[in-house]
Amino acid sequence: MLFRPTYVFDKVGDITPQFLKKKSIKALILDLDNTLTTHNNPEVPQKSIEWIGLMKTAGIKLIIVSNNHPPRVKPFADKLDVDYECEGRKPLTFGYTRAIKRLGIDKRYVASVGDQIFTDVLGCNLKGIRSLFVFPIEPETSRPFRFKRWCERPFLPKADRIIKKEK
Ligand SMILES: [Mg+2]
């Protein structure tokens, strides 16, 4: 099913190096807005800084793929010292293709983390990579976004699919 994520987490912080190792995931393509920080927020939350650090220490390769524009994405990615692709045009696959090429890893070992069914999850399924769905950090307020979220509702994963953080 094109709208079904491979794995479901409550938030990025619950994704552990142990889990990734178990699933043979060596690289992550990261969404930005409402995955690593709230929508259009230029600040990097401490929790995201720590999680990115944990992933880097574990040797997980990282790249941000965002549909947002360079002035939004570049400063954020620079703060985290993570590579990036902007104007990703998710759910189209161009952005993922460019990112996987830059990661230099076979796509079997690449998965993508994101908070939207119709961009992140659909894009992964079209590209043929695994998706790690996380619930948005906070609800968006703009009208078009609220409409998008309303359309997503029938496809949102059920609570019993949420993978808890392993201690
Ligand atoms: Mg997002």
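Excluded from the calculations below are hydrogen atoms, water molecules and symmetry mates; all remaining heavy atoms, backbone and side chain alike, are included. In each ligand, atom 1 is the first atom listed, and ligand 1 is the first ligand listed.
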Sorted by chain and residue number, the side-chain hydrogen bond (donor to acceptor under 3.5 Å, both in side chains) partners of Asp106 (sequence neighbours excluded) come out as Arg108
Among protein atoms, how many N/O/S atoms lie less than 2.8 Å from the Mg ion (ligand 1)?
-> 3
Tyr109: ring pair (Phe, Tyr, Trp, His ring centres under 6.0 Å) partners, not counting sequence neighbours | none
Centroid-centroid under 6.0 Å between Phe135 and Phe9 rings = no
Pairs of donor and acceptor atoms involving the side chains of residues 113-124, under 3.5 Å and at least two apart or interchain, shall be tabulated with distances.
| unit_1 | atom_1 | unit_2 | atom_2 | d |
| --- | --- | --- | --- | --- |
| Asp115 | OD1 | Thr35 | OG1 | 3.1 |
| Asp115 | OD2 | Arg149 | NH2 | 2.5 |
| Asp120 | OD1 | Lys90 | NZ | 3.0 |
| Asp120 | OD2 | Asp115 | N | 3.1 |
| Asp120 | OD2 | Gln116 | N | 2.9 |

Taking NZ, NE, NH1 and NH2 as the nitrogens, is one of them in Arg102 or Glu85 under 4.0 Å from a carboxylate oxygen of the other?
-> yes
Would you call Val73 and Leu32 a side-chain contact if the rule is heavy atoms closer than 4.5 Å?
-> yes
